[in-house]
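Each remark here refers to the structure printed beneath this line.
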Amino acid sequence: MGLRTIGKELALALAAFSLSAGLAWGADSSRPQCQTVRMSDIGWTDVTATTAVTSVLLEDLGYKTTITVLSVPVTYSAMKNRDIDLFLGNWMPSMEQDRAPFLKDGSVEVVRANLTGAKYTLAVPAYLYDAGLRDFSDIARFGDALGHRIVGLEAGNDGNRQVLSLIAKNAKGLGRFSLVESSEQGMLAELERAVRDKTPIVFLGWEPHPMNTRFQMRYLTGGDDSFGPNFGGATIYTNTRAGYSAECPNVGRLLKNLSFTLADESLLMGAILDDHQEPKAAAKAWIAKNPQTVARWLEGVQTYDGGALQSAAPPAPSAAGTETWITAHKIPIGPFMTDLVERVKTGGRGFFEGVSFTVRGAVDGLTGLLKQVPPLALVVALSGLAYGLQRSWRLALFVAAALLLIMNQGYWEAMLETLSLVLFSTLISTLIGVPLGVAAAHRPWLYRALHPVLDLMQTLPTFVYLIPTLVLFGLGVVPGLISTIIFALPAPVRLTHLGISSTPRPLIEAGQAFGATKWQLLRTIELPSAMPTIVTGITQCIMLSLSMVVIAALVGAGGLGVPVVRALNTVQVGMGFEAGFAIVLLAIILDRMTRAKSVEK
C-alpha cells in the first residue's frame with residue numbers, strides 16, 4: 001500500500017485515541033529539541049526492522065528522524081554523550097556487560113521490553129546435529145571437520161565476546177578454535193554455502209530471524225554459563241538517553257506503548273532479507289497491514305504539534321513529488337547485478353570452490369609456516385634480509401626493534417597473518433600487473449582501453465566489490481585477498497607502463513641499430529631502464545595491500561585489521577592505538593625493505 005493508505009490508517013488510529021490522550025503529556029512542539037529523534041541501528045536485521053517501523057511512525061506524526069549505524073558499545077557511549085536519543089535493540093542478558101556501566105552512572109534509561117521470547121546462542125545445521133554435535137561440549141570433538149573455526153558476527157559483538165572468552169579459557173575444549181568475525185550477512189553467506197555443500201559449521205544464531213525457517217538448524221545446549229538458559233533466552237529492551245522521555249513526553253508515551261512479537265519481526269525481516277525491500281518500505285507495508293497494532297501503540301499519543309492527523313490528502317505536485325515518481329520507477333541496476341552474481345555463483349560453483357580451496361590453502365600454509373618459526377629467529381632473519389637488500393645497519397636495527405615491539409604488544413600472530421595476505425596479494429598483483437603494463441606501453445590502444453577500468457578499480461568503494469567476492473568465495477582470507485588485489489593491481493600496471501614508455505628513445509634506437517629483437521630490447525634495455533619505476537609500483541602495491549587489512553577483516557580474513565575493527569566497535573582507544581601502531585610499523589618495514597636503492601639515495 002502507498003503513503004496515502006498508511007496516512008489513512010494513522011488518521012483513523014489517531015482520531016480514535018487522541019481524545020483519550022492525557023493532556024499532561026502535552027505536545028512536543030514546545031520543545032524544539034524533540035522534533036528530531038536520533039536513533040541507533042546496530043546493523044542486525046531485527047533491530048533495523050523495529051527501528052524503521054518506529055521511524056515511519058514518528059515521521060507520520062510530524063517528527064524528523066535520523067538513523068545512525070553504530071556498534072553496541074558506541075551506541076551507549078553516544079547516548080551518554082547525548083548524541084543518540086533512542087535504541088531499540090538492547091538484547092539481554094548478552095548485552096549486560098555493555099549496558100551495565102551506563103545504567104550505573106544514570107546516563108541511560110530502560111523504557112520497557114519491546115520483545116520477549118527471543119534466543120541467541122551457538123547453532124548448527126540439522127544434519128550436523130543429527131551427526132552428534134548437540135552440545136557445546138561436542139564442538140571440540142568435531143574440531144577437525146570444522147577446521148577449528150566458529151563463525152561469528154561483527155568484531156566487538158557481545159556474542160563474539162562470549163565465544164572468545166570460551167576460547168581464551170579453553171572452556172568446553174575450545175582452546176584450539178578461532179572465531180571468524182565478519183557480519184550478519186557474512187555469517188549468513190557462509191551458512192548458506194555450508195548447508196548447500198553439507199559441510200560442518202558452528203555459528204551464532206538467534207530468533208527471531210528468517211534463518212530459522214530458511215535453514216534447518218538446531219541450537220546447542222550447554223551454553224547456559226555464557227549465553228544464559230533456554231538456549232540463550234533473551235528479552236529485547238528499548239533504551240533512551242537519560243531524561244529523554246521526560247524531555248519529550250509524547251515520544252516517551254509512544255515508546256512505552258511500543259512492543260513487537262516474534263511473528264511481527266520475522267515478517268519484517270523476511271521482507272528486508274528475502275524480498276530485498278528497503279527497511280522503511282518494508283515498515284510502511286507492515287504498518288498498513290496491521291492497523292490494530294498501530295492503534296494500540298498510538299493510544300494517548302499526539303502529533304508533534306499536539307493535534308491529530310485529520311486527513312491524508314495527496315501532496316501537491318512539487319519537486320519532491322517528481323523525485324518520488326522518478327524513484328518509484330528506478331532502473332533495476334541492483335536487481336540486475338544481484339541476478340548476475342547469483343547466476344555466476346550457480347554456474348561457476350566448482351571453479352569458485354576450487355579457487356577458494358587453493359588460495360586459502362596457500363595463504364594458510366604460508367601463515368602456518370611463519371608461525372612455526374620461533375619468533376626471535378624470524379626477527380633475526382627479517383633483520384638480516386633488510387640489511388641484505390638495502391645494506392643499512394640502521395634499517396636492520398629498526399626492523400628488529402619494530403618487530404620486537406609488535407611482539408611485546410601481543411600482535412605477533414595477527415602480524416604474520418597480515419604479512420601473508422600482503423605478500424600473496426603483492427605477488428599476484430605483480431605477476432598480473434607488470435606484464436599488463438608492458439603490453440599497454442607497447443600498444444597505446446590497450447592502455448586507452450585499460451585506463452577507465454583502472455580508474456574504476458581504484459575509485460569504486462572497496463565494500464562494493466567485497467560483497468560479490470564474499471558471496472562467491474565465502475568467509476575467510478579469499479574474498480579479502482581478491483578485493484585487495486583488485487584495489488592494488490592498478491599501481492604496478494600504471495607505473496610499469498610509465499617506466500617502459502619513458503625509456504630514452506636513443507637507447508631503443510641503439511638497440512635496433514645492433515639488430516636487437518623486440519624481446520631483446522625489452523629484456524636488455526626497457527626493463528633495466530624502467531626497473532626503478534617498476535619497483536616503485538610494487539612498493540605502492542604493498543602499501544595499498546596493507547591499507548586493505550582493516551576492510552579484509554570485515555569478511556573474516558583475520559590479521560591486524562581484527563583488533564582495529566574490534567576497538568572501533570567497542571570504543572577501546574588503547575587497543576585501537578596498539579593495533580594501529582603495529583600496522584604502521586609493518587608498513588614502514590615493508591616500504592624500506594622494498595624501496596629501490598636509487599630512490600633511497
Side-chain angles (χ1 to χ4, degrees), residues 1-17 37 39-67 69 86-91 111-118 184-185 188 206-214 234-238 251 253-301 303 308-309 312 314 324 327-328 330 334-335:
M1 297 184 183
L3 290 172
R4 186 172 182 176
T5 304
I6 296 172
K8 287 181 178 179
E9 299 291 355
L10 287 174
L12 290 173
L14 284 168
F17 292 103
V37 183
M39 311 168 73
S40 172
D41 175 9
I42 57 174
W44 299 0
T45 308
D46 60 301
V47 182
T48 299
T50 55
T51 303
V53 168
T54 307
S55 174
V56 170
L57 287 173
L58 288 168
E59 289 173 358
D60 281 314
L61 291 170
Y63 293 86
K64 299 176 181 178
T65 62
T66 61
I67 300 174
V69 178
L86 171 62
F87 175 45
L88 292 160
N90 173 208
W91 278 67
V111 177
R112 64 161 295 167
N114 64 55
L115 179 69
T116 58
E184 176 188 342
Q185 299 306 318
L188 290 174
W206 65 95
E207 189 179 12
H209 195 281
M211 75 171 96
N212 292 275
T213 55
R214 184 179 175 188
T235 300
I236 293 83
Y237 291 88
T238 299
V251 177
R253 181 64 177 176
L254 174 63
L255 298 180
K256 283 185 177 294
N257 293 343
L258 196 65
S259 66
F260 299 87
T261 66
L262 294 175
D264 293 337
E265 294 203 13
S266 293
L267 286 172
L268 283 163
M269 286 188 282
I272 294 171
L273 290 176
D274 299 334
D275 301 336
H276 306 292
Q277 294 183 23
E278 289 293 323
K280 283 195 173 182
K284 289 174 182 177
W286 184 91
I287 288 171
K289 294 177 181 178
N290 294 272
Q292 293 181 341
T293 302
V294 173
R296 186 177 70 251
W297 290 345
L298 294 175
E299 184 175 357
V301 179
T303 59
L309 187 61
T324 302
T327 303
K330 64 189 296 185

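Because the structure is predicted, anything quoted here is derived from the model rather than measured.
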Original post:
Can any side-chain N or O of Asp41 pair as donor or acceptor with the backbone N or O of Thr51 at less than 3.5 Å?
Top reply: no

Subject >> Donor-acceptor contact below 3.5 Å, side chain Glu207 vs main chain Asn212 >> reply: no

Subject >> Stepwise side chain to side chain contact (heavy atoms under 4.5 Å, CB included) check, Trp286 with Val56 >> reply: CA-CA 11 Å; Trp286 184 91; Val56 170; over 6 Å; no

Subject >> Val37 versus Tyr63, closest heavy-atom pair with distance >> reply: CG2-CD2, 4.2 Å

Subject >> Heavy-atom pair of closest approach, residues Thr65 and Ser55 >> reply: OG1-OG, 2.7 Å

Original post:
Mind checking what makes salt bridge (Lys or Arg N to Asp or Glu O under 4.0 Å) contact with Lys64, not counting sequence neighbours?
Top reply: none

**OP:** Check whether any side-chain heavy atom of Leu61 lies under 4.5 Å from a side-chain heavy atom of Leu298, and answer yes or no.
**Re:** yes

Original post:
Can you check whether Asn257 reaches Arg112 side chain to side chain, under 4.5 Å on heavy atoms?
Top reply: no

Considering residues at least two apart in sequence or located in another chain, which fulfil the side chain to side chain donor-acceptor pair (under 3.5 Å) criterion with [X]?
{"X": "Arg214", "value": "Glu192"}
{"X": "Trp91", "value": "Asp46"}
{"X": "Thr50", "value": "none"}
{"X": "Trp44", "value": "Glu154"}

**OP:** Let me see the working for Tyr237 and Val111 under side chain to side chain contact (heavy atoms under 4.5 Å, CB included), right down to the final yes or no.
**Re:** CA-CA 7 Å; Tyr237 291 88; Val111 177; over 6 Å; no

Listed pairs under 3.5 Å, donor-acceptor, residues 258-276 side chains, sequence neighbours left out:
unit_1, atom_1, unit_2, atom_2, d
Thr261, OG1, Asp264, N, 3.0
Thr261, OG1, Asp264, OD1, 3.3
Thr261, OG1, Asp264, OD2, 2.9
Asp264, OD2, Thr261, N, 3.2
Ser266, OG, Leu262, O, 2.9

Original post:
CD of Gln277 to NZ of Lys284: how many Å apart, nearest 0.5 Å?
Top reply: 11.5 Å

